[in-house]
Amino acid sequence: MSLKERLGLTTEPLYLMDGSAFIFRAFYAMQSMQRSDGFPTNALFIVTRILLKFLKDEHPTYFGFILDGKGKNFRHDIYPEYKANRSATPEPLVQQLEPVTRAVRTLGLHLAISENCEADDCIASLAARYKKERPVIIIGADKDLKQCLDDNVFLWDPGVKQEKLTTVADFREETGLDPAQWPDFQAVIGDSSDNIPGVPGIGPKTAAKIFTEHGSLEAIRDHFPSLAPAVQKKFAEHLDTMFTYRRLTTLATSECANLTLDHFRVSPVDAEKTALFLREFELRTLMKDISALGPLLAPSGHMASTTNDPSDGPTTLTTGSPKPVSAQMSLFDSPGSAAPAAAPLKQTEPAGTQRSLKITAVDDISSLPDCAGRRVALVAVGDVLHRAECTTLPPLLGMAAPSPDRSVSFADSAGLPASENQQARNGSTTQTGDAEPCALHLHLAGDTCEYRYTGSLTALAGYMTKAEYIVTPDVKALLTTRTGWRAVAESRWFDLGLAAYLLDPEDRDYSWRRLSARADELDLPAENPARLALAIAGDFERRLQGGDLTDLMRNLEIPLIRVLADMEEVGIHINRAAFAEFLNEVQRELDRLTRTIHEAAGGPFNIRSAQQLGDLLFNRLGLKPKGKTKGGQISTSQAVLEKLEGEHPVIDLILEYRKLEKLRSTYLEPMPKMADEQGRIHTTFNQLATATGRLSSSNPNLQNIPVRGKFGPRMRACFTARAGCKLVSADYSQIELRVLAHCSQDPTLLEAFRNDEDIHSRTASVLFDVPAQDVTPDQRRNAKTINFGLVYGMGPQKLAQELKISLNEAKAFIERYFARLQRLKAFYEQVEADARENGSVTTLIGRRRHVPDIQSGNNQLQSQARRQAINTVIQGSAADIIKIAMLRTAQDAQLKSLKARLVLQVHDELLLEVPAENAQAAAERLADIMSGVRPGGKPLDVPLKVDYGIGSGWHEAH
DNA sequence: TCGCCCCT
DNA sequence: AGGGGCGA
């Protein structure tokens with residue numbers, strides 16, 4: 001559906017495209033594409049493709065492609081550091097600028113180059129000028145553009161993966177702000193890509209809260225005494241600078257006065273010229289799109305200009321349900337064949353297709369039939385059309401919005417994910433926290449009707465507690481809305497995403513969008529998503545049963561959902577002051593290093609750019625390259641730099657710079673901004689992310705907080721328990737090697753663990769034929785590396801690299817190792833044989849991963865699959881064990897009475913927050929639970945050793 | 001998108 | 001071996 005239709009526009013809109021941004025994005029989105037003479041065409045290709053599709057879909061009357069002019073603009077005068085962190089535009093991109101402008105013109109479109117300002121300013125100015133007379137649709141992704149939104153100004157991002165149309169109402173829902181407040185908001189939170197620091201310690205979360213009370217920077221300044229003391233402190237030194245920042249984040253509205261609407265009137269496309277152009281740049285795949293333009297083509301040829309009626313194709317008689325756009329994959333898409341006049345030929349549906357069910361719109365819970373004892377499917381569907389309808393509902397934070405991944409995120413927001421989520425979670429806003437969905441489809445098994453529900457989520461949760469069984473694509477998304485869904489008994493849930501994950505953990509995509517694509521296969525119409533969900537669930541249940549995965553699903557993964565939701569909600573406390581002080585020191589040190597490095601280099605350059613760094617090291621300083629990257633560039637990786645250490649003093653400085661920069665950009669700067677009012681950070685645990693069964697953590701990732709090196713301890717010390725509490729950390733010792741000992745029954749390993757020996761020393765003594773007490777530290781280190789290799793499937797490649805020995809030496813090492821530990825070798829061979837026979841491997845409790853490549857004729861692929869098979873058995877079984885431990889921990893009565901709360905899981909470690917006086921007892925209990933795990937009901941043949949610690953900070957506890 | 005680098 | 005985040 002075209003944008004005009006989706007927005008219900010009656011006047012021809014003015015489309016303004018942020019051309020520079022798309023060229024830039026296209027250039028990085030697609031690597032190396034070139035004409036046969038080597039001329040780069042990647043950005044040209046993508047931009048041209050976007051334009052062709054846009055023309056076909058929208059038939060614009062007024063369109064402007066706006067490009068950034070060269071040189072500095074007023075922002076650099078205000079603030080010299082503006083975009084100072086940007087490196088020079090890559091040459092291959094520069095080369096494509098001219099061809100892109102030709103493409104634009106050839107397609108009958110017009111471009112404008114902003115002068116003395118940026119493309120965004122030009123767009124904002126044109127939008128401000130023309131919105132009074134017609135709708136303006138801005139095509140772009142830059143968040144600055146959001147300030148242009150108005151009743152008559154829309155923002156559209158065709159996106160790489162997911163397109164997104166934003167109206168001013170959407171913006172208000174998502175942010176709680178008015179577009180006019182956006183520059184103020186941005187000025188405060190900062191923008192690293194433009195080198196605007198913002199107010200330190202103020203993240204989107206805090207800022208949103210401030211701006212709901214104080215609408216502008218002026219209000220913040222004028223009502224300064226009424227701010228919370230903590231906030232006052234942060235703003236104190238920035239009351240002036242924030243106004244400067246706002247001048248940077250505010251787009252001009254009176255630039256580009258010379259441009260009038262007539263400039264942007266779209267001309268017909270000259271098919272011949274376009275074809276020539278595409279041929280010139282060898283963009284053959286786009287040729288077919290020319291004829292698809294149909295009526296837009298200039299009447300040079302004789303092609304019949306068929307009216308293209310947007311409402312073609314079969315219409316279903318269901319009420320209220322959106323028609324899926326994908327259904328119109330036409331058989332007549334090939335070039336040359338003009339569309340047959342008004343004759344929808346493929347009207348006939350395939351035989352046997354079940355009829356669409358009627359959809360009943362309901363917004364009051366009492367109008368739904370009783371679901372007691374019944375099977376129900378609940379699916380949130382939504383597209384922009386639905387969103388538009390939704391704006392009639394009261395604007396709520398945490399409103400259900402269509403989410404590109406998985407089903408729907410009930411606390412989704414585009415601009416401010418973390419903050420909005422947290423507000424929804426903490427219930428700390430003035431809102432009720434009762435999120436309202438756009439369109440929840442529900443279907444009661446056996447019913448002849450499907451319901452499209454737009455009422456209160458809380459009411460729905462209450463209603464649903466009576467259901468026998470609830471099928472939905474993402475249970476955790478419901479639980480984290482805190483709208484009463486925890487009242488639904490665990491055993492009643494069936495999580496479609498989880499089922500799909502257990503059936504194929506390597507798939508990566510468990511979105512409802514993806515799952516529902518099976519409508520055809522199941523012979524069901526996509527118009528009834530909830531009924532489809534029930535059908536998919538039935539299919540999944542059968543397949544889980546067939547794969548012996550039901551027990552894993554029902555008794556581990558589904559119960560774990562709630563545990564994870566709770567952990568996310570609790571969050572972990574950070575010491576803000578420690579973060580701030582650390583950041584300050586690191587920033588000072590970075591500044592110092594930058595100066596020194598630039599001095600040594602004889603001029604300023606971007607140290608973060610691997611390209612510019614490589615140029616300095618290998619061209620100007622004449623050092624010898626030691627390695628290459630896959631892309632053919634000269635590597636500047638740590639391994640290479642370490643080899644060059646001592647050859648030039650800057651190497652050390654650069655390594656130090658990298659470490660500090662990583663620390664700053666990944667941890668010190670963003671994390672304090674993600675904390676809520678109580679100073680707690682809420683990660684998201686992803687249960688469907690890994691191929692082995694481990695969890696992952698994101699937004700932020702709390703599973704990769706530095707621990708080693710000069711800064712590790714200090715970094716971890718910044719994560720603390722709240723006042724009056726302690727952190728308890730307990731981790732499995734060598735869990736993967738213990739699993740390996742158990743699975744292989746290798747006597748050496750079994751004995752070592754049963755006697756609680758140092759496993760690396762023991763391995764070394766076997767490997768090097770020396771008594772355990774005579775093992776040298778060096779030998780132990782080598783043995784440790786081999787033991788790691790063992791867990792990863794023992795590739796000689798990796799081992800050689802790790803031990804810094806030759807490939808042949810590594811191979812000999814492995815051979816020697818297996819000669820001494822025969823049972824281990826037999827176990828590896830067994831895993832491989834099983835994988836070959838079944839096409840999959842399973843963990844201790846039957847989690848399954850497919851490894852089809854084990855049959856591959858390609859040696860590389862086959863070896864890779866073999867390593868994956870082995871690692872999956874070991875890493876996956878370890879993951880099973882800690883997941884069981886998490887469940888036991890969360891359900892333990894003693895820990896509950898000690899008020900111990902799970903806050904983190906880091907693969908082999910669990911972190912609790914406990915009132916200080918209970919810490920010791922909780923730690924002992926936790927360690928008992930963890931070491932007492934019996935996967936599959938039987939204890940392992942080696943003890944599961946657990947170490948624990950207690951402390952105010954994570955470092956101390958670890 | 002890739003390269004780099006943090007974690008188990 | 002399995003992850004996630006940042007900057008170009």
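Below, read A as the first sequence line, B as the second, and so on, with proteins coming before strands; counting in each chain starts at 1. Please read these numbers as outputs of a predicted model, since none were measured by experiment.
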How is A/A689 classified with respect to the nucleic acid when contacts are heavy atoms under 4.0 Å: base, sugar-phosphate, or nothing? sugar-phosphate
When all nucleic acid strands are considered with a 4.0 Å heavy-atom cut-off, which category describes A/Q864: base, sugar-phosphate, or nothing? sugar-phosphate
Report which part of the nucleic acid A/I705 touches: base, sugar-phosphate, or nothing (heavy-atom distance under 4.0 Å, all strands). sugar-phosphate
Inspect the contact between A/E832 and A/R836 and indicate whether a charged nitrogen and a carboxylate oxygen are less than 4.0 angstrom apart. yes
Name all residues meeting the ring-ring contact (aromatic ring centres under 6.0 Å, His included) criterion together with A/Y948; count only those two or more places apart in sequence or in a different chain, and write none if there are none. none
Just how far, in rounded Å, is P of C/dG3 from CG of A/L688? 12 Å
Nearest to the side chain of A/N701, which nucleotide is it out of C/dG7, C/dG5, B/dT8? C/dG5
Evaluate A/R780 against A/D758 for salt bridge (Lys or Arg N to Asp or Glu O under 4.0 Å), listing each step before the verdict. CA-CA 10 Å; A/R780 185 178 180 280; A/D758 176 333; 2.9 Å; yes
Contact residues, residues 871-880 of chain A to DNA chain C [heavy atom, < 4.0 Å]: A/N871, A/Q875
note: A/L668, atom CG; B/dC6, atom P; distance rounded to Å ~ 13 Å
Taking CG from A/L740 and P from B/dT8, how many angstroms apart are they, rounded to a whole number? 20 Å
So the salt bridge (Lys or Arg N to Asp or Glu O under 4.0 Å) pairs with at least one residue in residues 786-800 of chain A (sequence neighbours excluded) are none
Which one, C/dG7, B/dC4, B/dC7, comes nearest to the side chain of A/R608? C/dG7
Under 4.0 Å, heavy atoms only, any strand: does A/R694 hit a base, just the sugar-phosphate, or nothing? base
Heavy atoms under 4.0 Å, any strand shown: does A/Q638 hit a base, just sugar-phosphate, or nothing? sugar-phosphate
What is the distance, to the nearest angstrom, from the CG atom on A/L904 to the P atom on B/dC7? 15 Å
Interatomic distance, A/I654 CD1 vs B/dC4 P [rounded to whole Å]: 13 Å
So what does A/F788 touch, heavy atoms closer than 4.0 Å: a base, only the sugar-phosphate, or nothing? nothing
Looking only at the side chain of A/E661 (C-beta and beyond, no hydrogens), which of the listed nucleotides C/dG7, B/dC7, C/dA1 gets closest? C/dG7
Could you please name the option among B/dC5, C/dG2, C/dA8 that lies closest to any side-chain atom of A/Q868? C/dG2
Fit a plane to each ring of A/F605 and A/H598, take the angle between them on a 0 to 90° scale, and name the class: parallel (under 30°), tilted (30 to 60°) or perpendicular (over 60°). tilted
C/dA1, C/dC6, C/dG2: which one has an atom nearest the side-chain heavy atoms of A/T666? C/dC6
A/Y667 OH to C/dC6 P, in whole Å, measures 10 Å
Which whole-number value in Å describes the distance from A/I786 CD1 to C/dA1 C1'? 17 Å
Looking at A/F719 and A/M671, what are the two nearest heavy atoms and their distance? CZ-SD, 3.8 Å
So what does A/R708 touch, heavy atoms closer than 4.0 Å: a base, only the sugar-phosphate, or nothing? base
Students often get this wrong, so: under 4.0 angstrom with heavy atoms, is A/V906 touching a base, only sugar-phosphate, or nothing? sugar-phosphate
Has the side chain of A/D853 got a donor or acceptor atom that lies under 3.5 Å from a matching backbone atom of A/A865? no
Measure from the side chain of A/R849, starting at C-beta and using heavy atoms only, and say which of B/dC7, C/dA1, C/dG2 lies closest. C/dG2
Test the A/R714-A/F582 pair against the cation-pi criterion, namely NZ or CZ under 6.0 angstrom from the six-membered ring centroid and within 45° of the ring axis. yes
Looking at B/dC7, C/dG5, C/dC6, which one has an atom nearest to any side-chain atom of A/P670? C/dC6
Tell me the interatomic distance from A/E736, atom CD, to B/dT8, atom P, rounded to whole angstroms. 11 Å
Given C/dG3, B/dC7, B/dC4, the nucleotide with the shortest approach to the side chain of A/T629: B/dC4
Side-chain donor/acceptor of A/N42 to backbone N/O of A/F27, under 3.5 Å: yes
Within the modelled atom types, does a donor on one side and an acceptor on the other bring the side chain of A/K662 and the base of B/dC6 under 3.5 Å apart? no
